[in-house]
Amino acid sequence: MINKGEVQHIANLARIGMKEKEIEKFSHDLSSILDFIEKLKEVDITDVEPTAHITGLQNKSREDKIEKFENIEGIKKLFPEEKSGYNKVKSVL
Amino acid sequence: MIRELHEKLISGEITSTQLVEQYFAVISQKNKDINAYLTLTKELALEQAKKVDEKISRGEEIGILEGIPGAIKDNICIENVRTTAGSKILDNYTAPYDATVIKKLKEAGAIILGKTNLDEFAMGSSTENSAYGATKNPRDPERVAGGSSGGSASVVASDMAVWSLGSDTGGSIRQPASFCGIVGLKPTYGRVSRYGLIAMASSLDQIGPMAKSVEDTAIILSIISEKDKLDATSTPSVNKKYEDYLTGEIKNLKIGIVKEYLAGLNEDVKKIINGVIEKYKKLGAQIVEIELPNAKYALPTYYIIQPCETSSNLARFDGIKYGMRADDKKNSDYNPDGLPKNLLENYLDTRAYELGAEVKRRIMLGTYALSSGYYDAYYLRAQKVRTLIKQDFQKAFSKVDLILTPTTPSTAFKLGEKTQDPLQMYLEDIFTITANIAGVPAISVPGGEIKNNGKNLPIGFQLLGKWFDEETLLNTAYTFEVN
């Protein structure tokens, strides 16, 4: 069971604004999904290595070379708020 | 179908421009009811078609997919085309670059008609989680097309495109293919570059082709699969022409079946799967019973790995660099009226208003599982169970060449039938999800039809192959299809 206080805490970590009614719904939904996931606890994982990349590919390296990206204007156009060609963001402090 | 059209283009029986116009005529007639396309790219399509037609009239040779129209799932970026991923948060997003698969399709002269509907960020099994409304099943408009690549399945099934691309993280290509009566292939993880695919769960996501025939999917796979320096997880190129491996001959091939999978099926589906097994026996295959003892943990493993990776990947949608940003004046639920918002409030508002319920649910689940103190109990444990599932497949593939299972537990369900209970929807992927957890290639092939209220509803069967052995997988599917 995951209580409303925990849901609020997770929502804050995930940067999702959440109202009282939604918190209640998520408390219920997440609890039932977590119950379902509990099933994994019965698996014996002693001495089993975790798998992050399934085909076992090893780290690949390449030359660290700058390549020109052609459509810089296309990226700039996506800025939600723009000032003198810069992406304007909210003040942090 | 692609090969026939290719020959018609060469012989001059039809031009690519005419073909494109024909498809747009069907789209204008059907799309408003089926809701499969989110964006049409008519200008781009006609421009591409014109180039192909000029090439043909100059007597130049054209490639097999050149001039043939298809559709792209709307979580794959096409330069200067709106790309929403089915989410309101990307409602105003125009991709500034081509995904690697798009670059390769364009180089091959393929025509792109438009972008297709999907569950928001590809999370779902019915397209009902799309912010732009659900896609209907072309066979029965009261039923779902499946998901998340429901739009891509639907456009092929309803002749609004010859082929399409989908993406598959837990069954999102194969399940809608089964529901719409078409072929859908999820290649081996790493076979196709993910660069330009809007990331959901990076260790599971894979792009793949959907079409009316196995050969068509093979043709497209040959074009889109290649090592890509822009996707570090893509695997070395093989430059195979998969269509050249379709011999229609499978004598002495060993196909594994999982007893427990068949036991739980409803009678109609069981009959179809048994029919498929019988047909393979007649075609000379040997049917071998195998065990995948940890496969029952694939679904809970998925619902840890997938939300964890999703919560991390979707952190980028914060209204800062692109996409929708909550208005300072409106939506001021998390700050006092009238005051300008600070950064945190803007994040909270943007993500509260522009993300849908299922996406929030998975981000929340992933954030919880990755939060301090829980990593070992959830993500790390799931990664270890993933190893066990992989080992099950390694053992199975030492005895058999392929594994045959149902694609879905049933035919397409009704719109609204499973939206109230997320777990019910998750169970839709019970047969498909193991392929993503194990990283193996898998294909859904039309297996038959089941009559329901006077409508014939299609259902697929699934073949799972060895890592990087798409040729055996495709040939086995092909042999069933042509016999």
Side-chain angles (χ1 to χ4, degrees), chain A residues 2 6-7 9-19 22 25-26 29-30 32-57 59-63 69-81 87-93, chain B residues 79-80 93-94 96-97 188-190 203 229 232-233 235 294 297 300-301 303-304 311 315 318-325 333-334 341-344 346-349 351-353 355 360-361 363-365 367-368 371 378 380-388 390 422-423 426 438-439 467-468:
Chain A
I2 170 164
E6 284 175 291
V7 172
H9 173 62
I10 300 160
N12 288 344
L13 288 175
R15 302 286 186 263
I16 299 173
M18 214 166 269
K19 288 181 203 160
E22 247 184 313
K25 186 168 167 23
F26 274 105
D29 283 0
L30 296 182
S32 74
I33 300 166
L34 287 171
D35 282 348
F36 175 68
I37 291 168
E38 284 296 299
K39 207 177 165 186
L40 285 194
K41 289 213 170 127
E42 67 190 55
V43 188
D44 181 9
I45 51 164
T46 329
D47 299 329
V48 178
E49 287 293 316
T51 294
H53 185 277
I54 195 68
T55 59
L57 200 66
N59 288 341
K60 292 194 292 188
S61 54
R62 57 171 168 78
E63 204 186 333
F69 182 78
E70 294 301 329
N71 193 10
I72 289 168
E73 276 313 304
I75 290 178
K76 281 180 161 182
K77 268 193 249 166
L78 294 169
F79 293 163
E81 216 178 329
N87 183 11
K88 190 167 181 271
V89 299
K90 301 285 160 194
S91 58
V92 178
L93 296 171
Chain B
E79 189 175 359
N80 297 327
Y93 180 74
T94 301
Y97 66 98
T188 309
Y189 180 81
S203 80
K229 65 175 180 186
T233 63
T235 44
N294 293 295
Y297 301 115
T301 301
Y303 277 98
I304 294 172
S311 70
D318 55 5
I320 299 295
K321 302 170 289 294
Y322 49 77
M324 302 301 280
R325 179 187 291 181
D333 282 320
Y334 307 101
K341 283 180 185 167
N342 68 26
L343 189 63
L344 179 64
N346 206 262
Y347 286 149
L348 294 174
D349 269 349
R351 289 164 68 85
Y353 287 96
L355 295 175
K360 285 182 190 169
R361 192 150 41 227
I363 292 174
M364 292 285 287
L365 196 60
T367 306
Y368 175 77
S371 62
Y378 290 109
L380 189 64
R381 174 170 281 268
Q383 284 188 311
K384 289 181 177 178
V385 179
R386 192 174 185 183
T387 304
L388 295 174
K390 182 184 177 179
L423 264 179
Y426 297 172
W467 293 270
F468 302 111

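Sequence lines set the chain letters: A, B, ... in the order given, protein chains first and strands last, and positions in each chain run from 1.
Note: B:Ala438 leads B:Ala382, B:Ala438, B:Gly323 in heavy-atom pairs under 4.5 Å with chain A. With chain A as partner, the option from B:Met324, B:Arg325, B:Glu79 having the largest number of non-hydrogen pairs under 4.5 angstrom is B:Arg325. Looking only at heavy-atom pairs under 4.5 Å with chain A, the residue among B:Asn294, B:Thr301, B:Leu380 that has the most is B:Thr301. No other option in A:Ile37, A:Leu13, A:Thr55 has as many heavy-atom pairs under 4.5 Å with chain B as A:Ile37. If you tally non-hydrogen atom pairs under 4.5 Å between each of B:Thr235, B:Ile320, B:Leu355 and chain A, the highest count goes to B:Ile320. Among the candidates A:His53, A:Lys88, A:Glu70, the residue making the largest number of heavy-atom pairs closer than 4.5 Å to chain B is A:His53. When each of B:Tyr189, B:Tyr97, B:Trp467 is scored by its heavy-atom pairs under 4.5 Å with chain A, the top score falls to B:Tyr189.
For CD of A:Glu42, the number of neighbouring non-hydrogen atoms (other residues, nucleotides, ligands) closer than 6.0 Å is greater than 12.
Residues meeting the side chain to side chain contact (heavy atoms under 4.5 Å, CB included) test with A:Ala14, sequence neighbours left out: A:Ile16, B:Ile363, B:Thr367. Residues that satisfy the ring-ring contact (aromatic ring centres under 6.0 Å, His included) test with B:Tyr93, not counting sequence neighbours, are B:Tyr322.
A distance-only check finds a donor-acceptor pair linking the side chain of B:Arg351 to the backbone of A:Arg15 [under 3.5 Å]. The backbone N or O of B:Ala232 lies less than 3.5 Å from no partner atom in the side chain of A:Arg62, so there is not a single donor-acceptor pair. Side chain of B:Thr387 to main chain of A:Thr51: a donor-acceptor pair is present (N/O by atom type, distance under 3.5 Å, no hydrogens or angles).
Heavy atoms closer than 4.5 Å to chain B are found in the side chain of A:Ile2, but not in its backbone. For B:Leu423, the part lying near chain A is the side chain, with the backbone staying farther off; criterion is any non-hydrogen pair under 4.5 Å. If you measure heavy-atom distances from B:Lys229 to chain A, the contacts under 4.5 Å come from both the backbone and the side chain. Neither the backbone nor the side chain of B:Ser311 comes within contact range of chain A; no heavy atoms are under 4.5 Å apart. When heavy atoms are compared at a cutoff of 4.5 Å, B:Thr188 approaches chain A solely by way of its side chain, counted from C-beta outward. Using a 4.5 Å cut-off between heavy atoms, A:Phe79 contacts chain B through both its backbone and its side chain. Within the 4.5 angstrom heavy-atom criterion, only side-chain atoms of A:Glu6, from C-beta onward, approach chain B. Of the two parts of B:Asp318, neither the backbone nor the side chain holds a non-hydrogen atom closer than 4.5 Å to a non-hydrogen atom of chain A. With a 4.5 Å cut-off on non-hydrogen atoms, A:Glu38 touches chain B through its side chain but not through its backbone. Heavy atoms closer than 4.5 Å to chain B are found in both the backbone and the side chain of A:Ile10.
Taking 4.5 Å as the limit, every side-chain heavy atom of A:Val89 sits out of range of all side-chain heavy atoms of B:Asn346. Within the 4.5 Å cutoff, side-chain heavy atoms of B:Tyr426 are placed close to those of A:Ile33. A 4.5 Å side-chain heavy-atom check between A:Leu34 and B:Tyr378 finds at least one atom pair inside the cut-off. Counting only heavy atoms from C-beta outward, the side chains of B:Tyr297 and A:Lys39 approach each other to under 4.5 Å. Proximity of A:Leu78 to B:Lys321: side-chain heavy atoms (C-beta onward) are nowhere separated by under 4.5 Å. Using a 4.5 Å heavy-atom threshold, the side chains of B:Arg386 and A:Ile54 count as touching. You'll find the side chain of B:Pro422 reaches within 4.5 Å of the side chain of A:Asp29, heavy atoms only. Within the 4.5 Å cutoff, the side chain of A:Lys77 has no heavy atoms near those of the B:Thr94 side chain.
What you find for A:Ala52 and B:Ser203 is that their closest heavy atoms are O-CB, 3.7 Å. Here the closest heavy-atom approach between residue A:Pro80 and residue B:Gly319 is recorded as CG-O, 3.4 Å.
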Practice problem: Show your reasoning for whether side-chain contact (heavy atoms from CB on, under 4.5 Å) applies to A:Lys25 and B:Arg361. | Solution: CA-CA 10 Å; A:Lys25 186 168 167 23; B:Arg361 192 150 41 227; 4.0 Å; yes
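Note that the NZ atom of B:Lys384 and the CG atom of A:Asp47 stand 8.5 Å from one another [nearest 0.5 Å]. Between the CG atom of A:Leu40 and the CD1 atom of B:Ile304 there is a distance of 4.5 Å, given to the nearest 0.5 Å. In this structure, CE in A:Met18 is found 4.0 Å from CE in B:Met364, a value given to the nearest 0.5 Å. Separation of atoms CD1 (A:Ile45) and CD (B:Gln383) is listed at 11.0 Å; rounding is to 0.5 Å.
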